[in-house]
J.: 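Let me begin by handing over the structure; questions about it come next.
In what follows, every chain begins at residue 1, and chains take the letters A, B, ... in the order their sequences are listed.
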There are 2 protein chains.
Amino acid sequence: MLADDLKTAPRDCGDCPIRHKAVCARCEPDELTQLDKIKYYRTFEAGQTVLWAGDHMGFVGSVVTGIATLTQTMEDGRTQMVGLLLPSDFVGRPGREHASYNVVATSDLVMCCFRRKPFEGLMAETPHIAQRLLEMTLDELDAAREWMLVLGRKTAREKIASLLSVIARRNASLSLSKAEGTMVFDLPLTREAMSDYLGLTLETVSRQISALKKDGIIQLEGKRHVTVPDFDLLLDEAGDDGDGGMLS
Amino acid sequence: MLADDLKTAPRDCGDCPIRHKAVCARCEPDELTQLDKIKYYRTFEAGQTVLWAGDHMGFVGSVVTGIATLTQTMEDGRTQMVGLLLPSDFVGRPGREHASYNVVATSDLVMCCFRRKPFEGLMAETPHIAQRLLEMTLDELDAAREWMLVLGRKTAREKIASLLSVIARRNASLSLSKAEGTMVFDLPLTREAMSDYLGLTLETVSRQISALKKDGIIQLEGKRHVTVPDFDLLLDEAGDDGDGGMLS
DNA sequence: CAGGAACTTTGACCCAGATCAACCTGTGGT
DNA sequence: ACCACAGGTTGATCTGGGTCAAAGTTCCTG
């Protein structure tokens with residue numbers, strides 16, 4: 001299965017599914033050629049740790065397919081997820097020797113990696129890369145701040161509804177459809193991972209999901225497959241104002 | 001008093017107290033001349049709102065002196081601080097028409113503003129500005145993620161100790177001294193602002209500060225002047241591992 | 001197809017922090 | 001000098017979500 005992934009991993013940037021969204025999105029063909037020289041693919045199985053906080057980082061890179069989590073842990077084991085890495089998201093910080101967070105593959109994962117030193121050199125010469133990275137970092141900062149409101153001020157039910165609406169909205173944008181009306185998707189996270197994202201216990205996550213189901217806000221088939229009959233109802237439960245946080 | 005601030009505001013970038021830390025830190029003299037053409041100073045009194053979320057933003061800029069807060073509010077009034085803006089911190093997002101957060105001056109405030117459109121143009125031509133902004137944004141993202149752990153997983157006492165240690169550490173870095181041993185500083189925030197930062201009520205903030213005082217972790221003169229006899233003890237209370245989060 | 005292991009749900013109980021309320025303290029205005 | 005008021009403290013009580021415990025589901029693996 002890993003061998004399969006390696007075989008099906010894009011060899012050519014032209015075929016790459018994240019070509020227009022990743023850190024290389026703005027690159028011209030010649031810049032892409034440069035990047036191509038220092039890139040290589042790595043695959044990870046679901047559950048595998050990509051990086052431990054404090055590890056030396058020889059590379060930076062982009063998630064091509066699959067999902068990974070960025071987590072921080074206290075000595076006594078309390079864990080907080082601080083980022084959810086989806087296809088096109090960037091891992092690592094140019095100029096930084098050591099990883100700041102744990103990166104764990106939640107599903108099978110393919111990453112497009114660049115050796116760090118050459119990448120930093122390329123970044124200094126190629127404004128298109130730095131520009132795109134700035135834009136992506138600003139987006140991540142907005143997402144992190146949005147999440148601070150969720151963590152600091154929302155109730156357990158609102159937290160769950162917020163997470164579901166984020167996942168639903170992202171799924172819609174992948175399939176190029178609007179975030180409205182009936183929506184169907186699969187949860188990419190276990191109850192425990194959700195609890196780490198939301199600053200709750202897994203029992204509370206389970207209870208609140210059951211409650212939303214009972215109230216008809218969502219429907220469940222199995223543990224992971226979710227149907228949202230009316231997206232606006234879900235947004236009401238999340239306590240967000242109407243606009244859905246889409247500012248520009 | 002406002003007139004005073006205006007008079008004492010630096011007219012020349014050479015004298016500017018944030019020259020080596022702000023978004024202009026990397027600029028060459030000629031680049032600085034360009035920036036100088038589109039810059040102007042604005043002052044705000046303590047308590048004044050600099051920007052409302054959703055406002056049209058005609059400018060971006062840097063905090064020169066004073067302190068401001070970045071907050072997000074839900075319709076029912078629940079408020080979460082998502083950033084604390086200190087001298088040299090940047091306000092606004094290039095390319096974004098409207099403010100995403102409320103910006104409120106916590107103390108009297110002087111800002112160095114740039115008209116947004118010309119600034120965006122300059123950024124495209126001057127890699128030094130974009131480079132520095134990327135670096136600053138990555139630092140803010142790290143700070144936001146650190147705060148997600150505080151909000152999601154720490155107890156009230158740990159939250160207070162975390163906030164105090166952040167403030168103490170920052171004060172130390174301003175006075176170029178090490179963060180260790182006995183430290184003395186003033187709280188730049190009201191109890192209510194602290195509660196908005198930490199996702200607590202102001203009563204809980206007050207109680208936990210009293211508890212830390214009773215336990216000898218801190219001493220108080222008046223409401224704002226804090227003495228930390230042993231910084232390591234405070235860090236223990238914050239639940240942080242020894243390293244203090246200084247990764248690079 | 002039995003036996004696990006990982007994940008999930010549900011119930012009973014408890015407690016940290018919220019809420020409601022009273023009072024204290026310092027500062028500026030008239 | 002007095003008052004008003006913003007900011008802060010402290011007490012009493014309540015409750016949302018945590019903790020502990022048990023059992024149900026799904027999916028492997030032998």
J.: Please report the distance, rounded to the nearest Å, between CD1 in A:Ile160 and P in C:dT9.
T.: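 Taking CD1 of A:Ile160 and P of C:dT9, I get 10 Å after rounding.
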J.: With rounding to the nearest 0.5 Å, note down the distance linking NE2 in A:His225 to CD1 in A:Ile218.
T.: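 The CD1 atom of A:Ile218 is 12.0 Å from NE2 of A:His225, to the nearest 0.5 Å.
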J.: Between D:dT9 atom P and B:Lys214 atom NZ, what is the distance in whole Å?
T.: 15 Å
J.: Nearest-Å distance, NZ (A:Lys154) to P (D:dG16)?
T.: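 These atoms are roughly 18 Å apart.
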J.: Under 4.0 Å from OP1 or OP2 of D:dG8: is there any side-chain N or O of B:Arg224 that close?
T.: yes
J.: If you count heavy atoms of other groups shown closer than 6.0 angstrom to CD of B:Glu192, is the number above 12?
T.: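 At most 12 heavy atoms, drawn from other residues, nucleotides or ligands, come within 6.0 Å of this atom.
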J.: Apply the test side chain to side chain contact (heavy atoms under 4.5 Å, CB included) to residues A:Ile67 and A:Leu86: give CA-CA distance (whole Å), side-chain angles for both, the deciding distance (0.1 Å), then the verdict.
T.: CA-CA 5 Å; A:Ile67 292 178; A:Leu86 305 167; 3.7 Å; yes
J.: What is the nucleic acid contact for B:Arg157, judged by heavy atoms within less than 4.0 Å: base, sugar-phosphate only, or nothing?
T.: nothing
J.: Quick one: B:Glu192 CD to D:dA6 P, roughly how many Å, whole number?
T.: 12 Å
J.: Could you tell me whether B:Gly199 contacts a base, only the sugar-phosphate backbone, or nothing, with contacts defined as non-hydrogen atoms closer than 4.0 Å?
T.: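 Counting heavy atoms under 4.0 Å across all strands, the contact made by B:Gly199 is with sugar-phosphate only.
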J.: With respect to the side chain of B:Gln208, which nucleotide from D:dT9, C:dG17, C:dT19 is positioned closest?
T.: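 Given the options D:dT9, C:dG17, C:dT19, the side chain of B:Gln208 is closest to C:dG17.
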J.: Reckon A:Thr204 has a side-chain N or O less than 4.0 Å from the OP1 or OP2 of D:dG18?
T.: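 Affirmative; the distance criterion is met.
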J.: Quick check: any donor-acceptor pair below 3.5 Å linking the side-chain of B:Arg191 to the base of D:dT10?
T.: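 Between D:dT10 and B:Arg191, which were checked side chain against base, a qualifying N/O pair under 3.5 Å is absent.
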J.: Between A:Gly222 and A:Thr201, name the one whose nearest nucleotide on DNA chain D is closer to the 5' end.
T.: A:Thr201
J.: On DNA chain C, check which nucleotide each of A:Arg153 and A:Leu189 is closest to and give me the residue with the more 5' one.
T.: A:Leu189
J.: Using a heavy-atom cut-off of 4.0 Å across all strands, would you classify B:Ile209 as base, sugar-phosphate, or nothing?
T.: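 Touches nothing.
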J.: Starting from C1' on D:dA22, measure out to CZ on A:Arg207 and report it in whole angstrom.
T.: 13 Å
J.: For A:Thr190, report the nucleic acid contact type (base, sugar-phosphate, nothing); a contact means any heavy atom under 4.0 Å.
T.: sugar-phosphate
J.: In Å and rounded to the nearest 0.5 Å, what is the OG to CG distance from B:Ser165 to B:Asp232?
T.: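 Nearest 0.5 Å value for the OG-CG distance: 11.0 Å.
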J.: Below 4.0 angstrom from OP1 or OP2 of C:dT10, is there any side-chain N or O of A:Ser210?
T.: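 So the side chain of A:Ser210 is within the cut-off, an N or O lying under 4.0 Å from OP1 or OP2 of C:dT10.
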J.: Send over the distance from A:Leu200 CG to D:dT19 C1', rounded to a whole Å.
T.: 14 Å
J.: Starting at atom CG of A:Leu220, determine the distance to atom C1' of C:dC7, rounded to an integer number of angstrom.
T.: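 It works out to 14 Å between those atoms.
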J.: If you round to the nearest 0.5 Å, how far is CH2 of A:Trp147 from NZ of A:Lys154?
T.: 8.0 Å
J.: Do A:Glu203 and D:dC20 have a side chain to base donor-acceptor pair shorter than 3.5 Å?
T.: yes
J.: Starting at the 5' end of DNA chain D, which residue's closest nucleotide do you reach first, A:Thr155 or A:Lys223?
T.: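 The residue whose closest nucleotide sits nearer the 5' end is A:Thr155.
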J.: If I take atom CE from residue A:Met148 and atom CZ from residue A:Arg153, how far apart are they, to the nearest 0.5 angstrom?
T.: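 The CE atom of A:Met148 sits 11.0 Å away from the CZ atom of A:Arg153.
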J.: D:dT9 P sits how many Å from B:Leu187 CG, rounded?
T.: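 So the two atoms are 10 Å apart, to the nearest Å.
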